[in-house]
Visitor: 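Below you will find the structure I want to go over with you.
Because only heavy atoms are used, hydrogens play no part in the values below, and waters and symmetry mates are left out as well, while side chains stay in. One-based numbering along the sequence shown.
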Amino acid sequence: MKKQKSTERTGDGNTFFVRAGSWIVVHWQEIVLFVLSVAAVTAVNFFSVAMNQTVAAFRITDFEVGQIADRTIVAHKTLHADIEHPVTVIDGEKVIRKGFPITEEQFAKLRKMTESPAYFDSRSFADSELFLLVLAVLWLLLIVYVPYGRPIQIREIILQVVFFLLLYGAAAFGTKVEVFTSPFLVLVIIPTALCAFLITILYGQLPAILFSFISALGVFNAIFWEPVPFLFTLCSSLSAVWIVRKIERRIDLVVAALVMALLNGTFVILLDVIFNHGFSRIALSIGGVACNGFLSGILTLGLLTPLELLLNTASVFRLMDLSDLNVPIMRKMLVMAGGTYNHSLMVAQLAEGACREIGANPLIARVGGYYHDIGKIDQSEYFVENQSQMGGINKHQDINPSLSVSIIKSHVKKGVEMGHQLRLPQPIIDIIAEHHGNSVITYFYTEMKKKDPSVRPEDFSYPGIPPTTRESGIVMLADTVESACHTLDNPTAVRLEKFIQTLIDGKIEHNQMDNSALTYSDVAKAKAAFVQILTGYYHNRIKYQDQKDPDDIATAETTGADQRQETGAAQDTVDG
C-alpha cells in the first residue's frame, strides 16, 4: 500500500511537471516578454534608486537635527571628505543611534551618504524590486487568465509594457527635478490619461481598467509610496477609460480632452482637501493637470492613426473606416460578385443586430459580415448567389463533386490571404477563417456519396476551425441563416422562427459553437434578432389595383400581337 501511495505521488508529480511544461509551451511568448519587461523595469528602478536621496530605504527629509532617532543606521561604505561635504563616513560606523538625538555632524553624514554617487541604497532597491516583481507576476496572471473574450496579442502586451515604463519613468525621475518634488506637482508630467485613452480605444475597456490599477501601483512605488500620485493616477486613468469607452468619432476626442481636463483639476482639489496640503501652490498644480488632461486627448487624436496601422488593431475608428462600402474591395465585390455583395450586407446586418442583443461587439460583427466572403470574388461564378446574374448557369453541373468542393473550400483560404494583403485587423481575419468552421459541405458530400458510398465526410469539410469568439460565432449563424432562408417558401415569422431554430440546432449539434463562448441564452437572443430582421426583410406588400405581373404583361403583349397579325391577314384576304 505504501508503495502504491508513493507511485501515486510520483504520478501526481509527473502530472504537475507535464502540465507546467504544457503551460510554458503555450505561453512561452508571454514568459519571454515577462522576463524582458522585468529587466527593463529593473534598469529604470536601479537608476531611480541611485539618484534618490535615501539611506537605508529612508529619505533625508525623514530626519532633522535634534530629532530623536527611531532607528540605527550603519554605513556600509567609506566616504572621504570633500569640498561640498567636509565630513568623513567610515565603513561600519553607526551614523545615528536609535533613541539618541541627531547632531549636526550626524545629519551632515546622512546627507553625504544620500547625495554621494558612490553610495547606493541597496535596501531601498531591494524593497522596490521585490514590489515590482510581485506586480509583474500579478500582471502576467491577469494577462493569461482574465477572460478577455478574444486572444491577447503580443503587440498589445508590448504596448502596455512601453506605457508602464513611460509612466514609471516619468514618476521616478520627475521627482528628481526641483520643480516637481511636491507630490502634487509631479502629477503634471505623468501622462496617465494619454495611456488610458490609447489602450481603451485600441484594445477595449477591460485591458485599460486592469492596466490602470497596475500603472497606479507602479507610480506608488516610483514616488516612494506617496498616496497622492497613486490615487490621482488611479482616478484619472479610470475616468479616461470611462470617457472614451463608447466613443465613435475622432472629433469626439476633443470633447474627451476638455472633460479630462476638468476632472483632473477636480481630483487635485479633492486630494488637496483630503490630505490637508494647503492652497499655497495648488493653483499651479490644478492648471498643470488640466493641461495634462487636455493635451492627452489631443495627442491621442494625433497618435491614434499611426498606432492603428502599426499595431493593426480593431479599434472603433479603424472598424468604422473598414465599414465604408466605398472602399475598393467592396466596390470590386459589387461589380464581380453582386450576389455575394448583397449576401454580405445582409449577414452584416443580422450579425450586428444579434451582437447588440447579447452584448458582444456589434462593429466587429458588422465588418466581419462585410468581409467574410471576399475570397469568392475571383471565382464568383461558382457560387449560387452570383449565378443568376450570369444567366443562371450552374458550372458545377459539368464538373466532379470533388472538384466542386475544392473550389468552394478555397474561398476561405483565399479570403484569409486577401485579409492579410489588405492588413485587416486580426479579429476580422479570424471571422473570415472561422465563418464555416470545419463543417461538412453537405450538398456535394451527398452527391458524391451517391457515386462512392465509401467517401469520407472529412474530405468534404471546410479546412477552418470552429469560431473562437462570440462575434465569429454570430457571423457563422448569420451566414447560415441568411443563405438558407432564401430557399424557404412563404417565409412568415412563425416559419422563419422554426427554420432558423433548426439551422442553429444543426450548428450546435455539429460542435461548431463549442469554442465561441456563446451561451444558450446568447443563442436564443440571436435567434430572436434574426427572426425580427428577416421578418421585416421578407414582409408582404399591398398589391395595387392597376399593378400587373410582368409575366402576365408579356403574355398579353404576345397575344395582342398575334391577334393583330391575324386581323391584318384577314383584312388582306378581304381586300384581295
Side-chain angles (χ1 to χ4, degrees), residues 149-150 340 342-362 364-373 383-385 408-409 411-412 427 430-446 457 460-539:
R150 58 176 175 80
T340 299
N342 290 311
H343 161 72
S344 298
L345 297 191
M346 196 63 193
V347 169
Q349 185 179 352
L350 290 170
E352 181 181 15
C355 283
R356 289 190 188 280
E357 292 298 321
I358 68 173
N361 191 319
I364 287 180
R366 190 212 305 177
V367 176
Y370 287 155
Y371 287 84
H372 78 284
D373 270 345
F383 298 90
V384 65
E385 68 265 24
I408 297 297
K409 288 195 296 186
H411 88 272
V412 175
D430 290 340
I431 288 176
I432 296 173
E434 298 169 359
H435 76 278
H436 284 300
N438 55 7
S439 57
V440 177
I441 306 174
T442 310
Y443 178 83
F444 294 108
Y445 172 67
T446 304
F460 285 77
S461 299
Y462 283 101
I465 60 173
T468 55
T469 63
R470 301 169 80 196
E471 294 80 9
S472 184
I474 290 295
V475 171
M476 168 184 273
L477 295 179
D479 180 41
T480 302
V481 166
E482 201 285 329
S483 300
C485 283
H486 282 287
T487 66
L488 187 64
D489 295 327
N490 188 22
T492 62
V494 176
R495 288 172 60 80
L496 281 169
E497 184 174 4
K498 291 181 180 179
F499 189 51
I500 290 172
Q501 185 63 58
T502 302
L503 296 171
I504 292 175
D505 289 344
K507 291 298 180 184
I508 295 174
E509 182 182 349
H510 290 90
N511 305 317
Q512 297 302 303
M513 297 290 111
D514 288 359
N515 301 323
S516 65
L518 288 172
T519 64
Y520 283 105
S521 176
D522 292 337
V523 172
K525 292 176 182 177
K527 185 195 75 171
F530 293 159
V531 172
Q532 182 181 9
I533 295 171
L534 290 173
T535 301
Y537 179 74
Y538 290 115
H539 71 282

Visitor: Distance check, rounded to the nearest 0.5 Å: Ile533 atom CD1 versus Met346 atom CE?
Guide: 6.5 Å

Visitor: Quick one: are Asp373 and Val347 in side-chain contact, heavy atoms under 4.5 Å?
Guide: no

Visitor: Could you give the distance from CD1 (Ile500) to CG (Leu534), rounded to the nearest 0.5 Å?
Guide: 5.0 Å

Visitor: How close do Ala484 and Leu503 get, heavy atom to heavy atom, and via which atoms?
Guide: CB-CD1, 3.5 Å

Visitor: Do His372 and His436 have ring centres separated by under 6.0 Å?
Guide: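 No - the distance between ring centres of His372 and His436 does not fall below the 6.0 Å cut-off.
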
Visitor: Nearest 0.5 Å please: distance from the CD1 atom of Ile408 over to the OH atom of Tyr462.
Guide: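 It comes to 6.0 Å.
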
Visitor: Is Glu352 salt-bridged to Arg366, going by a charged N under 4.0 Å from an acidic O?
Guide: yes

Visitor: Checking side-chain polar atoms at under 3.5 Å, does Asp505 have a donor or acceptor matched by the opposite partner on Thr502?
Guide: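 Looking only at side-chain atoms, Thr502 and Asp505 do not form any donor-acceptor pair under 3.5 Å.
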
Visitor: Determine whether the side chains of Asn438 and His510 contain a donor N or O and an acceptor N or O closer than 3.5 Å.
Guide: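 Not at all, the side chains of Asn438 and His510 share no donor-acceptor pair under 3.5 Å.
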
Visitor: So, Glu434 and Ser472: side-chain donor and acceptor under 3.5 Å apart, yes or no?
Guide: yes

Visitor: Might you point out which heavy atoms bring Ala478 and Ala351 nearest each other, and give the distance in Å?
Guide: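 Scanning both residues, the minimum pair turns out to be CB-N, 4.0 Å.
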
Visitor: Might you point out which heavy atoms bring Met513 and Gly473 nearest each other, and give the distance in Å?
Guide: CE-O, 3.9 Å

Visitor: Dump the intermediate steps for side chain to side chain contact (heavy atoms under 4.5 Å, CB included) on Val523 and Ile504, then the final yes or no.
Guide: CA-CA 8 Å; Val523 172; Ile504 292 175; 3.3 Å; yes

Visitor: Please report the interatomic distance CD1(Ile364) to CD1(Ile474), rounded to the nearest 0.5 Å.
Guide: 13.0 Å

Visitor: With side chains defined as the heavy atoms from C-beta onward, is the minimum distance between Leu496 and Cys485 less than 4.5 Å?
Guide: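 Leu496 reaches Cys485 side chain to side chain.
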
Visitor: Looking at every heavy atom in both Asp522 and Ala517, which two are closest together, and how far apart are they?
Guide: OD2-O, 4.1 Å

Visitor: If you compare all heavy atoms of Gln512 against all heavy atoms of Gly437, which two are closest, and at what distance to 0.1 Å?
Guide: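 Smallest heavy-atom distance, with atoms named: OE1-CA, 3.4 Å.
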
Visitor: Is the distance from the ring center of His411 to that of Phe383 below 6.0 Å?
Guide: yes

Visitor: Would the number of heavy atoms belonging to other residues, nucleotides or ligands and lying under 6.0 Å from CD of Gln501 be above 12?
Guide: yes

Visitor: Which atom pair, heavy atoms only, marks the closest approach of Val440 to Ser461?
Guide: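 Looking at all heavy atoms of both residues, the shortest contact is CG2-OG, 3.4 Å.
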
Visitor: For the backbone of Met476 and the side chain of Asp479, can you confirm whether one donor and one acceptor N or O come within less than 3.5 Å of each other?
Guide: no

Visitor: Kindly compute the distance separating CZ (Arg470) from CG (Asn361), expressed to the nearest 0.5 Å.
Guide: 10.5 Å

Visitor: If you round to the nearest 0.5 Å, how far is CD of Gln349 from OH of Tyr370?
Guide: 8.5 Å

